[in-house]
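Below: the structure, in structure tokens.
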Amino acid sequence: MRRSSQTMIHKPPPLTVAKVLETFRRIAKESGKNSKEKKKNHVRALLVAACDCEPKYLIRLLLKDKLRIGLSELSLLEALACAAAYAEKHSVSCGSFQSDLSKAVDVLKGVHSMVPVYERIVPALLDGGVWNLADTCSFSLGIPCEPMLSAPAKSVSEIVNRYHGIEYTCEYKYDGIRAQIHCMDDGSIRIFSRKLECCTNQYPDVILAVKRLKRVPVKSCVLDCEIVGYDSEQMKILPLQKLMTRGRKGVHVDNIKINACIFAFDLLYLNGQSLLQEQLKIRRKLLKDSFEVETGILQFATALDSSNLDEIQVFLDKAVNASCEGLVIKTLSVDAAYEPGKAKWVKLKKDYLESMWDSLDLVPIGAYFGKGRRTAFYGTFLLACYDPDKEEFQTVTKAGTGFSEEVLKEHCQILSSKMIPKPKPYYRHISGKTTPDVWFEPSEVWEVKAGGLTISPVYCAGSDILNSNKGFSLRNPTLIRPREDKSPEQATTSKQIAEMYFRQWQGNPHMPPDDEEINS
DNA sequence: AGTGCCTGCCC
DNA sequence: ATTCTGC
DNA sequence: GCAGAATGGGCAGGCACT
């Protein structure tokens, strides 16, 4: 890079916003052989033309996600809102300007969660102003709104207490992929992911199902649902890991190996009208009137309308037994509108309940340097279980959450003193894929909770129990506490981990794929 | 053709 | 996804 | 209560290299 700028004879013209945008688009489009080199050249050209503070911001823009200067989408919306409020300062006279400002921000936030497309928001803003924006720019067919979210609850009693005296429903929380399905007036279908990506082409089978099972009076609608892997032979839900193996590009119905079942739970739009403001009670009724059910193809989320603690507890157990993650609790009439992007529903997963979660005692045998606020600390620890037969520690997972900064600091200090230059001969891991920055003597034992067990291509816990080259790992590992009463050799064993894995699919005859069955 | 590595997207 | 932290 | 920033497993896809 330096060389090329030195040999440059003419200074390139100054950068413009349009030019930068255009180059970014080119970088995005570049593909195929040597595309990396070509992308590099685009970046080089930008940096060569940049002056003053421009390189800094270019780099920050190129470091995906955010500007990394504290400017997030929210700040952008606030800026837009302020601009609009200033522009209309004299047209509104009620209340203080400060309160107008914050009202404008609320309007922008609300509108953006329903129509997350600046190309729609800005023209509407310029056209009708902020105070009409909610009307001039609202939820519309073909454009996904942010999905409504749920906040975690720690117990059934927490639910019962919070919603005392009001109507609510408990639905199975399916372990699949959230989808918002738009049925357009012309009969076409569009599917959007939780992050609003268009994934229409990924689910031709889902599209056929929706078209076939949509009732005649439904001209247009928007479904909120979970797409779940389904074994049509055994009529059982498949693990998410299976569903995820489906192709993502150029998918044709005939080549689909993993079937998908739609579990619908909400209807956001029907025949030209937004239903977002309707109570769930109404939306659910309209949903059920709008579609035929076909087992394993399109079903409604299993639900229980009850306020009884014991009934809900039993229902939660049933959900877990049916290979679901737990329950989602939703009010039916009070405060029961669909609020895009807001976490007004409540989720109750088995991993939140101390009595139900999977807990393992694992040994930190390595660590990785942290980033950002964890610079100068370890950000992550490599954890292992113990195999008493082979007398070796086998890697299971990394863990980087569940401790406060203070506790993290302590762990870092203690473990630093146990650092060793090379892994012990009795450490088993898959080199390359999970090699940590530093290795430790086996000394600590930590209790870790998990939202379930997975089959892993990179960890080797219990790998000789599986036929393939794979081992077991953890989903959503979280540190709970040090087990000062345990020595490393008393850590959870690989055999125990294997048992946990198979136990989680009891009640569901579908076992892991053939090549992953237990060695005999 | 096969492998390894990285990214982007699911959770 | 979960969790913690600062506002 | 919320937003932001740390961090997790794992999949397909795509490029580079052998």
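Since the structure is predicted, the reported quantities are computational estimates derived from the model, not experimental observations. Order of the sequence lines sets the chain letters (A, B, ...), proteins ahead of strands, with each chain counted from 1.
In this structure, A:Y459 places its OH atom 15 Å from C1' of D:dC11, rounding to the nearest Å. Separating the CG atom of A:L453 from the P atom of D:dG9 is a distance of 13 Å, rounded to the nearest angstrom. Atom CD in A:Q504 sits roughly 13 Å away from atom C1' in D:dG9 (whole-Å rounding). Straight-line distance from the CD1 atom of A:I27 to the P atom of D:dC15: 15 Å, rounded to whole Å. Rounded to a whole Å, the CG atom of A:L243 is 9 Å from the C1' atom of B:dC10. In this structure, the NZ atom of A:K371 is 10 Å from the P atom of D:dA6, given to the nearest Å.
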TODO: May I have the step-by-step check of ring-ring contact (aromatic ring centres under 6.0 Å, His included) for A:Y338 and A:F139, ending in yes or no?
DONE: CA-CA 11 Å; A:Y338 191 95; A:F139 182 51; 8.1 Å; no

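For B:dG8 and C:dA1, the C1' atoms lie 15 Å apart once the distance is rounded to whole Å.
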For residues 447-457 of chain A, dump all side-chain donor-acceptor pairs below 3.5 Å to protein atoms at least two apart in sequence or in another chain.
from: A:E447; atom 1: OE1; to: A:R481; atom 2: NE; distance (Å): 2.6
from: A:E447; atom 1: OE1; to: A:R481; atom 2: NH2; distance (Å): 3.1
from: A:E447; atom 1: OE2; to: A:S359; atom 2: OG; distance (Å): 2.7
from: A:K449; atom 1: NZ; to: A:D351; atom 2: O; distance (Å): 2.9
from: A:T454; atom 1: OG1; to: A:S473; atom 2: O; distance (Å): 3.4
from: A:S456; atom 1: OG; to: A:V458; atom 2: N; distance (Å): 3.0
from: A:S456; atom 1: OG; to: A:Y459; atom 2: N; distance (Å): 3.0

Side-chain atoms of residues 492-499 of chain A: list all donor-acceptor pairs with protein atoms under 3.5 Å, sequence neighbours left out, distances to 0.1 Å.
from: A:T492; atom 1: OG1; to: A:D361; atom 2: N; distance (Å): 2.8
from: A:T492; atom 1: OG1; to: A:D361; atom 2: O; distance (Å): 3.4
from: A:T493; atom 1: OG1; to: A:Q496; atom 2: N; distance (Å): 3.1
from: A:T493; atom 1: OG1; to: A:Q496; atom 2: OE1; distance (Å): 3.3
from: A:S494; atom 1: OG; to: A:Q394; atom 2: OE1; distance (Å): 3.4
from: A:Q496; atom 1: OE1; to: A:T493; atom 2: N; distance (Å): 2.8

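Closest contact between the side chain of A:K349 and the listed nucleotides D:dG9, D:dA12, C:dT2 involves C:dT2. When distances are taken from the side chain of A:R248 to each of D:dT7, D:dA12, B:dC10, the shortest belongs to D:dA12.
Every side-chain contact (heavy atoms from CB on, under 4.5 Å) that A:E30 has, sequence neighbours left out, goes to A:S35, A:K38, A:K39, A:H42. The side-chain contact (heavy atoms from CB on, under 4.5 Å) test applied to A:A209 returns A:I262, A:I297, not counting sequence neighbours. With sequence neighbours excluded, no residue satisfies ring-ring contact (aromatic ring centres under 6.0 Å, His included) with A:F403. Applying the side-chain contact (heavy atoms from CB on, under 4.5 Å) criterion to A:L196, with sequence neighbours excluded, gives A:P116, A:P144, A:E146, A:P147.
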Could you list the protein-to-nucleotides 16-18 of chain D atom pairs, N/O on both sides, closer than 3.5 Å?
from: D:dA16; atom 1: OP1; to: A:K36; atom 2: N; distance (Å): 3.4
from: D:dA16; atom 1: OP2; to: A:N34; atom 2: N; distance (Å): 2.9

Under 3.5 Å, which N/O atoms of the protein pair with N/O atoms of nucleotides 3-7 of chain C?
from: C:dT3; atom 1: OP1; to: A:K449; atom 2: NZ; distance (Å): 2.8
from: C:dT3; atom 1: O4'; to: A:T401; atom 2: OG1; distance (Å): 3.2
from: C:dC4; atom 1: OP1; to: A:G402; atom 2: O; distance (Å): 3.2
from: C:dT5; atom 1: OP1; to: A:E405; atom 2: N; distance (Å): 3.1

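Close to D:dG9, at under 4.0 Å from its OP1 or OP2, lies no side-chain N or O of A:Q241. For the pair A:K195 and C:dA1, the criterion of a side-chain N or O lying under 4.0 Å from OP1 or OP2 is not met. Phosphate contact (OP1/OP2 of D:dG10, side-chain N/O of A:T454, threshold under 4.0 Å): present. Between A:S456 and the phosphate of D:dG9, there is no side-chain N or O to OP1/OP2 separation shorter than 4.0 Å.
Between A:Y427 and A:W439, the ring planes are tilted. Angles from 30° to 60° get that label.
Applying the salt bridge (charged side-chain N to carboxylate O under 4.0 Å, His left out) test to every pair with at least one member in residues 318-327 of chain A, sequence neighbours left out, gives these pairs: A:K173-A:E325, A:E325-A:K349, A:E325-A:R475.
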